[in-house]
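Scroll down for the structure; my scribbles are underneath it.
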2 protein chains.
Amino acid sequence: MYTLDQVKCFVAVASHLHFGRAAEELSMTQPPLSRQIQKLERFVGVTLLERDNRRVSLTPAGEAFLVNARMLLAVSDRAPRDAQRIAAGQWGRLSVGFTAASGFGILGSLVSVIEDRLPGIDLDLHEMVTGSQLENLAEGHIDLGIGRLEVPPQEIESELLLAERLMLAAPERHPLALLDRPLHRSDVTGQPLILHSATKATYFYNLIVRHFPIDHHMIKHSLSQVLTMVNLVADGHGIAFVPESTSLLKIPGVRYLAFADLTDDVVELKALWNSQSRNPALQRVLSVIRD
Amino acid sequence: MYTLDQVKCFVAVASHLHFGRAAEELSMTQPPLSRQIQKLERFVGVTLLERDNRRVSLTPAGEAFLVNARMLLAVSDRAPRDAQRIAAGQWGRLSVGFTAASGFGILGSLVSVIEDRLPGIDLDLHEMVTGSQLENLAEGHIDLGIGRLEVPPQEIESELLLAERLMLAAPERHPLALLDRPLHRSDVTGQPLILHSATKATYFYNLIVRHFPIDHHMIKHSLSQVLTMVNLVADGHGIAFVPESTSLLKIPGVRYLAFADLTDDVVELKALWNSQSRNPALQRVLSVIRD
DNA sequence: TGGAATAATGCACGAAAGGCATCGATGTAC
DNA sequence: GTACATCGATGCCTTTCGTGCATTATTCCA
């Protein structure tokens with residue numbers, strides 16, 4: 001096999017048609033340059049340069065080789081730079097798993113910021129529930145998750161993206177929507193309730209149970225998708241707890257009500273990633289998220 | 001700079017994700033393979049392969065490098081083969097200069113034969129008079145000429161392509177066209193004559209003067225292009241000498257007549273080339289022509 | 001806990017690359 | 001026509017690099 005150095009030598013000589021000046025460009029002396037060309041020609045088995053002791057010229061075979069040689073140099077030059085850029089996280093691909101709920105609020109601005117600040121990074125967006133995000137993170141199928149959970153499992157790191165209030169979605173003619181005083185947590189007692197599933201939407205279920213006196217006899221539906229819940233509210237099937245950002249969803253017949261005695265931002269949205277991840281783009285994206 | 005051997009090592013390891021088996025494929029032992037990879041990574045400045053003492057995997061940078069690496073190997077493999085094929089004359093480009101007259105007869109079949117027998121060779125066809133062919137051959141602008149001349153100059157070699165009879169082109173109502181006996185050379189004496197130019201079509205001029213008793217008072221036109229001459233014959237301006245192949249040109253009002261006392265193939269068409277030519281395609285074409 | 005698997009490292013040898021000096025051939029000038 | 005300049009090739013020496021063998025270090029698995 002020949003070497004890229006020999007190719008570089010050949011291109012230099014073919015460009016100058018002069019061994020001495022080519023050697024100068026290559027920062028070497030002329031004798032080893034002659035030998036490198038000889039070696040290359042011996043490997044190729046063909047005379048590439050016609051040396052006339054007075055003038056140097058390319059043979060037809062040499063001209064054809066020159067085309068490929070320039071391509072080799074171009075690719076060999078690009079290859080390390082591509083690798084370096086990817087290692088530095090300037091280039092790359094990031095698979096992101098996000099919950100449908102996060103899509104209402106933060107996802108759009110997150111994508112905008114990344115496209116703006118890290119133009120070399122392509123995002124693959126996949127909607128999935130938090131549980132799937134954890135599985136896919138563990139198996140390396142996605143690099144970043146955007147979801148809700150209290151305590152991430154082993155090897156999954158997390159960072160708070162957003163915290164918001166918990167609100168009540170109620171039909172506009174519902175008694176709680178027509179109160180002439182501030183709404184309190186105890187007001188929900190005894191009302192027909194559309195609640196998150198304890199198994200499929202554990203985070204919300206636990207959060208709500210922790211903060212409200214839930215009468216389990218009043219639970220009419222157990223769901224996992226916020227949009228479905230709000231639609232059921234619109235149809236008058238009951239009231240539901242939703243994060244504040246859901247109120248961006250203007251559904252006719254639905255009013256969003258704040259609790260006077262629950263003003264803390266208790267609903268959290270977290271960025272999730274595998275601490276074993278070797279994707280440099282992830283670190284870049286995380287540092288952008290932190291700003 | 002790194003070497004193509006290192007690239008080959010990297011691709012082998014990246015393909016097998018196993019140093020031992022990659023080394024086996026490369027017909028080398030494992031330790032130097034490890035070192036080649038280390039060297040490549042040191043040059044690139046980036047970890048390309050994650051070695052876990054138990055499993056080998058590609059980093060994102062390594063995956064990007066692999067794409068370029070495979071391209072490098074493909075080009076580096078093709079480059080010598082292209083050069084060899086061109087040197088062997090299997091591939092290449094041949095510039096051919098030909099006279100308009102040769103275009104009537106042999107050129108078409110010549111092109112067909114070359115396209116059939118040497119499919120890798122592209123022909124550039126340029127119509128030019130023999131004198132221009134000689135100039136362009138000397139300067140290397142064309143590789144092969146097809147023309148008529150008696151003695152080629154220094155450094156130009158030639159080979160007879162075709163020899164044919166010299167015939168007379170006469171208007172169909174011309175007395176010589178209406179003879180009830182065989183035509184003889186002496187019959188042309190005294191007839192208005194359309195003759196080749198002594199300077200622009202020296203070959204024909206010398207040939208005709210050598211074989212016929214030309215009365216210079218009867219020369220009505222001196223021309224260099226056969227087609228023009230035959231057109232003038234059709235218009236009744238006189239008679240003209242033409243090579244037999246011209247009779248393929250069916251011009252209304254023109255008859256082609258053979259001389260009973262000149263049956264030799266005296267008109268020659270030659271292949272011409274520069275003996276200094278380094279174009280391997282030329283040798284291939286010449287050997288095909290000789291068949 | 002011991003053995004198998006696997007990549008890294010130490011060491012020695014031979015090949016290759018580079019620099020310096022020189023040769024050989026060819027064109028140029030007086 | 002002869003002396004000189006130019007320029008690629010060659011001889012020789014030193015340093016660097018690639019390779020194989022033997023061994024080490026680590027981890028997985030029984």
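Since the structure is predicted, the reported quantities are computational estimates derived from the model, not experimental observations. Just so we're on the same page: letters track the sequence lines, and every chain starts at 1.
- Per the geometry, CD1 belonging to B:I37 stands 17 Å off P belonging to C:dT6, to the nearest Å.
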Could you please spell out the steps behind the salt bridge (Lys or Arg N to Asp or Glu O under 4.0 Å) verdict for B:R117 and B:D291?
CA-CA 11 Å; B:R117 300 267 306 271; B:D291 288 352; 3.1 Å; yes

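- Looking at residues two or more places apart in sequence or on another chain, you find a side chain to side chain contact (heavy atoms under 4.5 Å, CB included) between B:A88 and B:Q90.
- Rounded to whole angstrom, the span from the CG atom of B:L49 across to the C1' atom of C:dT6 amounts to 14 Å.
- When the ring-ring contact (aromatic ring centres under 6.0 Å, His included) test is applied to B:Y2, the partners found at least two apart in sequence or on another chain are B:F43.
- With rounding to whole Å, A:E50 atom CD is found 13 Å from D:dG8 atom C1'.
- Atoms CG (B:L33) and P (C:dT6) sit 14 Å apart, rounded to a whole Å.
- Looking only at atom types and distance, the side chain of B:S287 has no donor-acceptor partner in the side chain of B:Q283 under 3.5 Å away.
- Following rounding to the nearest Å, A:M1 (CE) and D:dC17 (P) show an atom-to-atom distance of 21 Å.
- Heavy-atom distances to DNA chain C give each of B:R21 and A:T3 a nearest nucleotide, and the one nearer the 5′ end belongs to B:R21.
- One can place NE2 of A:H18 at 4 Å from P of D:dC7, the figure rounded to the nearest angstrom.
- Put simply, A:Q38 has no side-chain N or O that comes within less than 4.0 Å of OP1 or OP2 on D:dG8.
- If you measure from atom CZ of A:R51 to atom P of D:dT10, you get 9 Å, rounded to the nearest angstrom.
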Given protein heavy atoms under 4.0 Å, the one-letter contact record of nucleotides 20-30 of chain D, with B base, S sugar-phosphate only and - none, is simply BBB---SBS--

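- In this structure a side-chain-to-backbone donor-acceptor pair under 3.5 Å is present from B:K270 to B:L149.
- The CZ atom of A:F19 sits 14 Å away from the C1' atom of D:dT10 (whole-angstrom rounding).
- In this structure, CG in B:L144 is found 10.0 Å from CG in B:L125, a value given to the nearest 0.5 Å.
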